[in-house]
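What follows is a set of notes on a single structure, which appears directly below.
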2 protein chains.
Amino acid sequence: MTDYVTLLKENDLKATFQRMNILDVIDKSGHMSVESIYEAVSKVHPSISLATIYKNIVLMMEKGVLVEVPISGRKSKYELAKMDHIHLVCTECGDVEDKPCIEATDKVFKDLSMQEHFKLHKRQVNLYGVCESCQAKIAS
Amino acid sequence: MTDYVTLLKENDLKATFQRMNILDVIDKSGHMSVESIYEAVSKVHPSISLATIYKNIVLMMEKGVLVEVPISGRKSKYELAKMDHIHLVCTECGDVEDKPCIEATDKVFKDLSMQEHFKLHKRQVNLYGVCESCQAKIAS
DNA sequence: TTAAATGCAAAAAATTTGCAGACGT
DNA sequence: ACGTCTGCAAATTTTTTGCATTTAA
């Protein structure tokens, strides 16, 4: 259980209940769209406004607390900023699963950037396919 | 110069001027947002409607002629479907550059998917950083 | 000739903004 | 107490839809 108060304060953000709830639902689910964040937070904080969700997503992204995960064919999802990793994106259910980065590919990307005189900051690897549980559903 | 008539017909789409212009501006620029496609096509075909751009992006994506390139912090761009490749995305100017995939990383992703029982269809690798020309601008 | 595509205008959906009051520090 | 944050409502932006007309095949 992360300490959201500290996380927010370290990033010059006031620790409001709204923000902590947003971080909490994202952390629990892993990756969420604006709409699903709104729905989930509304359950524990029914008076929250959609505008507050939007404002905070923007703010927390600027502060580096949240990261956008843009997904082909769907709305972007948001995750807590964490170690670089690979996304397995299910094209059936839209679910996103994290897998650790592999050193070998990291080195390749770093070398490529170097060679292109490209100042690399961040990598985003999305692998699109069908997750195990959707394969089972399709088969049946 | 690609033969857009053939490309469209092979994919069960009528070869309209609107479509060929859309494909042409995307091909020339490499990667374009909806808005920039509209602006560019409007220059050679002033009567085109934005709704036509939207309808055709959806259709051509369904037919596999176009591919969406979702980008963190910006609007999605669209490119012609082509061999898998890596995107260098400049966080300053938003430009996207293609670089060939590297076999070593491909194999790693394939192995990872296999191991996770994930039916891999498509890979999308975005490297975010600052392109050479923006580095020069910043330095000056 | 005919099914599909376009363009318009209107509708719907998504996101942003301004501001008064509430709240964290 | 102060400056930031929230929630509301309104505005703006983005995307989709329906329909009459046009067009490619």
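Proteins get letters first, then strands, A, B, ... in listed order; numbering begins at 1 in each.
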Can you tell me if the side-chain N/O atoms of [X] get under 4.0 Å from OP1 or OP2 in [N]?
X	N	value
B:Q18	C:dG7	yes
B:R19	C:dT6	yes
B:K9	D:dA25	yes

Find the distance [X]:[atom1] to [N]:[atom2] and express it as a whole number of Å.
X	N	atom1	atom2	value
A:M20	C:dC23	CE	P	14 Å
A:L13	D:dG3	CG	C1'	14 Å
B:I57	D:dT17	CD1	C1'	17 Å
A:H45	C:dA22	NE2	P	14 Å
B:D12	D:dA25	CG	P	12 Å
B:R74	C:dT15	CZ	P	17 Å
B:I48	D:dT22	CD1	C1'	14 Å
B:E62	C:dA4	CD	P	14 Å

Checklist entry - What is the nucleic acid contact for A:T16, judged by heavy atoms within less than 4.0 Å: base, sugar-phosphate only, or nothing? => result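 If one applies the 4.0 Å heavy-atom cut-off, A:T16 turns out to touch the sugar-phosphate alone, with no base involved.
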Next on the checklist: By the 4.0 Å heavy-atom rule, please label B:Y38 as base, sugar-phosphate, or nothing.
Outcome noted: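 Nothing, no nucleic acid heavy atom in range.
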Regarding [X] and [Y], do their side chains bring together a donor and an acceptor under 3.5 Å, going by distance alone?
X	Y	value
A:E79	A:H87	yes
A:Y4	A:N21	no
A:Y128	A:N126	yes

As a test of reading the structure: which of [options] is closest to the side chain of [X], going by heavy atoms?
X	options	value
A:N56	D:dT6, C:dA3, D:dG7	D:dT6
B:K55	D:dG18, D:dG7, D:dA25	D:dG18
B:T52	C:dG7, D:dA25, D:dC5	C:dG7

Item to check | Nearest-0.5 Å distance that lies between atom CD1 in A:I22 and atom CD1 in A:I57 | outcome: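 Between A:I22 CD1 and A:I57 CD1, I get 6.5 Å after rounding to 0.5 Å.
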Checklist outcome for this item: Interatomic distance, OH@B:Y38 vs CD1@B:I48, rounded to 0.5 Å, equals 8.5 Å
Item to check | Minimum heavy-atom distance A:S113-A:F109, with the two atoms named | outcome: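 A:S113 and A:F109 have their closest heavy atoms at OG-O, 2.8 Å.
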Checklist entry - Quick one: what's the B/S/- string for nucleotides 9-16 of chain D, heavy-atom cutoff under 4.0 Å, read 5' to 3'? => result B----SBB
Checklist entry - Counting distance only, does the side-chain N/O of B:R19 pair as donor-acceptor with the main-chain N or O of B:K14 below 3.5 Å? => result yes
